Amino acid sequence: QFLIWKDLGEHYKSDMWKKVCIDALQDFMFTKKIYYKGRIIGNDGKEIINIFFDRKSDKIHISPENKLQDRSYKNYFKDAITLNKDAFLVSDFNLNREFGQIEKPIVPAVRFSTPIVDSDGYKRGVFVATIYGDIFLDTITQNMQKSEHNLDYFLVDEEGEFLYHKDEERRWAKDSDRSDSIFQERGSLKEQIDTNENGVYIEGDNIISYYRVYPDENSKKQYWTLV
């Protein structure tokens, strides 16, 4: 409703429905506490609403209009706007950026985006929900700490770049314009992953197990691998 009235230039009704939308997003994000951001992006790629949850302060913040950004060049917008109603897109797992710069302290993030389609089938924009990526990484750390065996865990993307490594300096290489891939260390792993979604094999003195993780269970194109 908010975007329809906005497009029609009905400012009073647009502002009223915008407040309803913001209130609903704030309640949802504060209850779940796993979402970093909730955004509505217009058809031109510009943010209209940007709400973010700060886990440290346990507070919700609303970005003022002068802090709203153009996201038209981002895949999570330009690919999502082409989708059909109820379809969604999962972004790369990477570090959040603000105004082109990596946010400090770093915020690992995964974005789920879907087109906003009205009752007449017209696309009014894109809704983007950003999840704190630490939720996935902390689970790996906890499992590693609980293990009674001397096990190493890694989470890598399709190119083998480390999303999780116990040495934090080796994570997020692509965000720093460098390369640090597990495939450089374990050349046979790529062949194994390309051939089978899950498996166990022996390489030297190591027993290596792996399985693919699909953030979108309906798509096999994008995956991470837990090793």
Side-chain angles (χ1 to χ4, degrees), residues 28-29 32-39 41 53 71 74-97 106-117 126-147 151-166 168 170-175 179-201 203 206-227:
F28 175 76
M29 291 172 64
K32 297 296 184 181
K33 298 186 185 297
I34 65 170
Y35 293 95
Y36 176 41
K37 290 186 178 185
R39 285 177 287 174
I41 301 176
F53 173 62
R71 302 295 190 176
K74 293 289 190 178
N75 289 336
Y76 61 74
F77 168 77
K78 64 183 183 181
D79 291 345
I81 197 67
T82 67
L83 298 177
N84 295 324
K85 183 180 180 180
D86 297 328
F88 69 91
L89 175 82
V90 183
S91 76
D92 290 337
F93 192 172
N94 54 24
L95 299 180
N96 187 63
R97 292 175 181 261
I106 64 170
V107 180
V110 181
R111 303 153 200 86
F112 292 79
S113 49
T114 186
I116 300 169
V117 183
V126 170
F127 174 68
V128 184
T130 303
I131 293 180
Y132 275 108
D134 284 343
I135 292 170
F136 306 109
L137 307 183
D138 290 347
T139 300
I140 298 175
T141 300
Q142 291 165 11
N143 288 335
M144 206 164 138
Q145 291 171 344
K146 291 177 182 177
S147 175
L151 300 178
D152 286 328
Y153 288 84
F154 309 100
L155 184 67
V156 301
D157 64 14
E158 295 97 325
E159 298 173 13
E161 300 285 346
F162 293 107
L163 306 174
Y164 178 88
H165 192 294
K166 63 181 180 181
E168 295 187 15
R170 301 193 63 182
R171 304 178 190 178
W172 317 115
K174 283 195 290 189
D175 285 284
S179 178
D180 190 356
S181 171
I182 196 172
F183 299 147
Q184 296 169 356
E185 302 173 1
R186 305 192 181 281
S188 59
L189 179 58
K190 177 171 174 51
E191 181 180 350
Q192 294 282 339
I193 293 175
D194 288 345
T195 305
N196 302 293
E197 294 187 0
N198 312 293
V200 179
Y201 71 99
E203 184 177 277
N206 299 302
I207 299 176
I208 300 173
S209 65
Y210 63 91
Y211 69 90
R212 289 186 187 178
V213 180
Y214 294 100
D216 177 4
E217 61 183 14
N218 296 315
S219 174
K220 301 294 186 181
K221 294 180 180 179
Q222 183 182 16
Y223 60 87
W224 313 319
T225 304
L226 184 62
V227 182

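Nothing here was measured: the structure is a model prediction, and the numbers come from that model.
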- Message: One pair to check against side-chain contact (heavy atoms from CB on, under 4.5 Å): Asp79 and Leu83. What are the steps and the verdict?
- Response: CA-CA 7 Å; Asp79 291 345; Leu83 298 177; over 6 Å; no
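- No side-chain donor from either of Glu197 and Tyr210 sits under 3.5 Å from a side-chain acceptor of the other.
- A cation-pi arrangement is absent between Lys166 and Tyr153 under the rule of less than 6.0 angstrom and at most 45 degrees off the ring axis.
- The shortest side-chain heavy-atom distance between Leu89 and Phe112 does not fall under the 4.5 Å cut-off.
- Within a 6.0 Å radius of OH in Tyr211, no more than 12 heavy atoms belonging to other residues, nucleotides or ligands are found.
- You'll find the side chain of Phe88 stays beyond 4.5 Å of the side chain of Ser113, heavy atoms only.
- Distance check, rounded to the nearest 0.5 Å: CG of Leu226 to CG of Leu155 gives 6.0 Å.
- Side-chain atoms of Arg71 and Tyr76, non-hydrogen and from C-beta on, do get closer than 4.5 Å to each other.
- When side chains are defined from C-beta on, Phe136 counts as touching Val110, because their heavy atoms get closer than 4.5 Å.
- Aromatic rings of Trp172 and Phe162 (six-membered ring for Trp) have centroids beyond the 6.0 Å cut-off, not under it.
- Rounding to the nearest 0.5 angstrom, the gap separating the CG atom in Leu137 from the OH atom in Tyr132 is 13.5 Å.
- Counting only N and O atoms by type, the side chains of Thr141 and Tyr164 include a donor and acceptor under 3.5 Å apart.
- Every residue two or more places apart in sequence or in another chain that forms a side chain to side chain donor-acceptor pair (under 3.5 Å) with Arg186 is listed here: Glu203.
- The structure places CD of Gln192 at 5.5 Å from OH of Tyr201, a figure rounded to the nearest 0.5 Å.
- Residues Trp224 and Leu163 meet the side-chain proximity criterion, which asks for heavy atoms closer than 4.5 Å.
- Atom CD1 of Ile207 sits in a sparse spot, with 12 or fewer heavy atoms from other residues, nucleotides or ligands closer than 6.0 Å.
- For the pair Lys32 and Phe53, the minimum side-chain heavy-atom distance is 4.5 Å or more.
- Here the CG-CD1 distance, from Asn96 to Ile106, works out to 11.0 Å after rounding to the nearest 0.5 Å.
- Closest of all the heavy-atom pairs between Ile116 and Val126 is CD1-C, 3.8 Å.
- Minimum heavy-atom separation, Asp180 to Ala173: N-CB, 3.7 Å.
- Annotation: Phe28 is in aromatic contact with Tyr35 [ring centroid separation under 6.0 Å].
- When the side chain to side chain contact (heavy atoms under 4.5 Å, CB included) test is applied to Glu159, the partners found at least two apart in sequence or on another chain are Asp157, Glu161, Lys174.
- Using a 4.5 Å cut-off on side-chain heavy atoms (C-beta onward), Asp86 and Thr114 make no contact.
- In this structure Thr130 satisfies the side chain to side chain contact (heavy atoms under 4.5 Å, CB included) test together with Tyr36, Lys37, Arg39, Ala109, Arg111, Val128, sequence neighbours excluded.
- With rounding to the nearest 0.5 angstrom, the OG atom of Ser179 is 4.5 Å from the CD atom of Gln184.
- Here the side chains of His165 and Ile182 are not in contact, with every heavy-atom distance at 4.5 Å or above.
- Atom CG of Asp216 and atom NZ of Lys221 lie 10.5 Å apart (nearest 0.5 Å).
- No more than 12 heavy atoms of other residues, nucleotides or ligands sit less than 6.0 Å from atom CD of Glu191.
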